[in-house]
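Each remark here refers to the structure printed beneath this line.
We're numbering straight along the sequence, starting at 1. Since the structure is predicted, the reported quantities are computational estimates derived from the model, not experimental observations. All values below come from the heavy atoms of this structure, side chains included, with hydrogens, waters and symmetry mates left out.
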Amino acid sequence: MSFIPIFVLIALVTCCVAVFGNATLDGASQVSLLVASAVSVMIGELTKKLTWKDLEQEITNKVASCTPAIIILLLIGAISGTWMVSGIVPTMIYYGVQIIRPEVFLISSSVLCAMVSLLIGSSWTTVATIGVALMGIGKAHGFDDGWIAGSIITGAYFGDKLSPISDTTVLASSVSGTPLFTHIKYMMNTTVPAFIISLSIFFVAGLMVEVSHEGNALQFMEALNRSFVISPWLLVVPVVTGIMIARRWPSLVVLFLAVFIAAIVALLAQPALIRRIAVADGISIHDVLLPYKGIMQVCYGSTNIDTGAAEVNQLVATSGMAGMMPTIWLIICAQTFGGVFTATGQLRDVIGVILRFVRGTTSLVASTVGMSLFFNIAMADQYLAIMLSSSMFRDTYKEKGYESRLLSRSCEDGGTVTSVLVPWNTCGLTQSTVLGVSTLTYLPYCFFNILSPVVSILVAALGWKIYRKKK
């Protein structure tokens, strides 16, 4: 009976996708999560003795745990607006179109995102900055949105997974009791092969996929040059942001300063554009207040800039903090479901069923990877997926004599990289919102994220470098 809420959720979301398509996350998925939560509560009331106060407390705890992520989402929304209107992203696109050739664009974007993510330890920040610019470059070359987003996410999550300053990497190693660099070195046995296969696919696809001619790229460059002040000096902002990240400043501080600096640059480099945005709604105010109004609207609201080219207009349009509200709404509903599913004991019941099928190395690793994916679906958060999977299987790995690094690697192979493939997961929601591409559109092209769990199970089945503790 504990599986019923999961089946209800999957059925409702499937129907929502069939009916609403890309608009599923605008509200239908949120309602589905609340309905599944109600089903979970009813089953819990029938099978266990529960108090409403306990349910409310668990929901409150789950939602509260996502508060930092919600604030980060709001700041990312502000970054998307300020970095675009200030001309930072248009400058990156302008020069990137000239440097990166269409034939090697897909593999280049994956490698570039992997390098950035490896250095800064954050897939979210990588996608929100360099990823947005690469989306523009890819569109200028005529690639489909799914291919572009897939290459960006592949690189971003490869670097995030192996970076010693990544929060998920540190979390997976710490909760399993594995030394950090031992964990990273052991992960390379599954992560590097999956990434090499993914890069090979992108390389072949770049040579075979039909893209637009040079004229489309020139049209993008002309439209950007006509609408923004393009200057290499604007690239100082991402460089400064990278330095702050490299010095391991707190994420909230870095993101806030990135917004603040970009807002100042926008006022200095794009004054005419800021004034046009301020008067776009037709409300007359004193000229002195126009820059203030314009920059505030860029941070929190939507901006539509007429560049003379429809595709470029769509690319440079931003939604600010307000554009992140559907994502935040969905996160709250997802955490509500996770809280109810935990408080009613149904999560524990599901875990007990899975453990019955664990026999040898392959089934143990497959169960760990599968449960990490399950938690990404049911709990909608990669941190919970890693922590719950590790705590669930820790004793089993210990009893069977396996070293803890096998557990930490399996949790990351199933938890970190698959989170972005779930439409209602915090990662899936964030990346689809930032890139402007629905999760189901880019999912088939996230080869690394799909292959990592498969390679992890395959390596376990082959018995390659599977170590047991010495007695």
Side-chain angles (χ1 to χ4, degrees), residues 107 110 114 118 150 153-155 157-164 166 168-169 172-173 175-204 351 354-376 382 385-386 388-390 392-421 443-471:
I107 187 173
S110 279
L118 188 64
I153 291 172
T154 287
Y157 277 80
F158 169 80
D160 188 318
K161 191 179 177 188
L162 291 181
S163 174
S166 167
T168 54
T169 304
S173 62
V175 297
S176 64
T178 307
L180 177 59
F181 287 98
T182 300
H183 167 64
I184 293 174
K185 184 178 179 180
Y186 197 58
M187 274 201 302
M188 294 179 69
N189 296 330
T190 56
T191 303
V192 173
F195 190 57
I196 291 175
I197 295 172
S198 303
L199 291 182
S200 301
I201 296 173
F202 286 128
F203 178 73
V204 174
I351 290 173
I354 300 298
L355 287 176
R356 296 176 190 171
F357 298 96
V358 174
R359 294 292 183 270
T361 304
T362 305
S363 62
L364 180 59
V365 171
S367 299
T368 308
V369 171
M371 285 306 298
S372 298
L373 174 59
F374 169 77
F375 287 134
N376 268 326
Q382 63 177 346
I386 293 172
L388 290 173
S389 297
S390 182
M392 170 182 170
F393 288 98
R394 186 187 299 115
D395 292 339
T396 304
Y397 277 78
K398 186 179 296 184
E399 290 171 2
K400 293 184 178 295
Y402 295 104
E403 293 187 355
S404 60
R405 53 180 165 175
L406 180 60
L407 170 61
S408 61
R409 185 181 74 183
S410 301
C411 289
E412 279 240 70
D413 286 339
T416 300
V417 298
T418 61
S419 58
V420 72
L421 306 179
L443 188 153
Y445 305 98
C446 296
F447 303 112
F448 171 73
N449 307 73
I450 297 171
L451 286 171
S452 285
V454 177
V455 172
S456 184
I457 298 172
L458 180 61
V459 167
L462 295 174
W464 184 45
K465 294 189 176 182
I466 303 297
Y467 302 110
R468 293 178 182 267
K469 294 180 180 179
K470 294 180 180 180
K471 294 184 180 179

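- Annotation: the span from Ile457 atom CD1 to Thr190 atom OG1 amounts to 11.0 Å, rounded to 0.5 Å.
- Side-chain contact between Cys446 and Tyr157: absent, with no pair of heavy atoms (C-beta onward) separated by less than 4.5 Å.
- Side-chain contact between Phe448 and Lys161 is present, with at least one heavy-atom pair separated by less than 4.5 Å.
- Between Thr362 and Ala461, the shortest heavy-atom contact is OG1-CA, 3.2 Å.
- Taking the side chain as every heavy atom from C-beta outward, Cys411 and Thr368 approach each other to under 4.5 Å.
- Remark: side-chain polar atoms of Thr154 are not paired, donor with acceptor, to backbone N or O of Phe195 under 3.5 angstrom.
- Between the CD1 atom of Ile107 and the OG atom of Ser200 there is a distance of 7.0 Å, given to the nearest 0.5 Å.
- Looking at Val417 and Ile450, their side chains never come closer than 4.5 Å, going by heavy atoms from C-beta outward.
- Side-chain atoms of Ser408 come within 3.5 Å of backbone atoms of Arg405 as a donor-acceptor pair (strictly under, hydrogens ignored).
- Atom CG of residue Asn376 and atom CD1 of residue Ile386 lie 8.0 Å apart, to the nearest 0.5 angstrom.
- Smallest separation of non-hydrogen atoms from Gln382 and Gly415: CB-O, 4.0 Å.
- Contact of the Arg409 side chain with the Met187 side chain is registered, since non-hydrogen atoms from C-beta on lie closer than 4.5 Å.
- Judged by distance alone, with hydrogens and angles left aside, the side-chain atoms of Ser163 form no donor-acceptor pair with the main-chain N or O of Asp160 at under 3.5 Å.
- Counting heavy atoms from C-beta on, the side chains of Glu403 and Thr182 never come closer than 4.5 Å.
- Within the 4.5 Å cutoff, the side chain of Leu199 has heavy atoms near those of the Ser110 side chain.
- Atom CD of residue Glu412 and atom CD1 of residue Ile184 lie 8.5 Å apart, to the nearest 0.5 angstrom.
- Applying the side-chain hydrogen bond (donor to acceptor under 3.5 Å, both in side chains) criterion to Thr361, with sequence neighbours excluded, gives Tyr402.
- Taken from CZ in Phe158 to CD1 in Ile196, the straight-line distance is 8.5 Å, to the nearest 0.5 Å.
- In this structure, Leu406 and Tyr397 have side chains that are in contact, with non-hydrogen atoms separated by less than 4.5 Å.
- Counting only distance, with no hydrogens or angles, the side chain of Ser452 and the backbone of Asn449 share no donor-acceptor pair below 3.5 Å.
- Side-chain contact of Ser404 with Thr178: a donor-acceptor pair under 3.5 Å is present, judged by distance alone.
- Of the inter-residue distances, the one linking Thr191 atom OG1 with Leu451 atom CG reads 11.5 Å to the nearest 0.5 angstrom.
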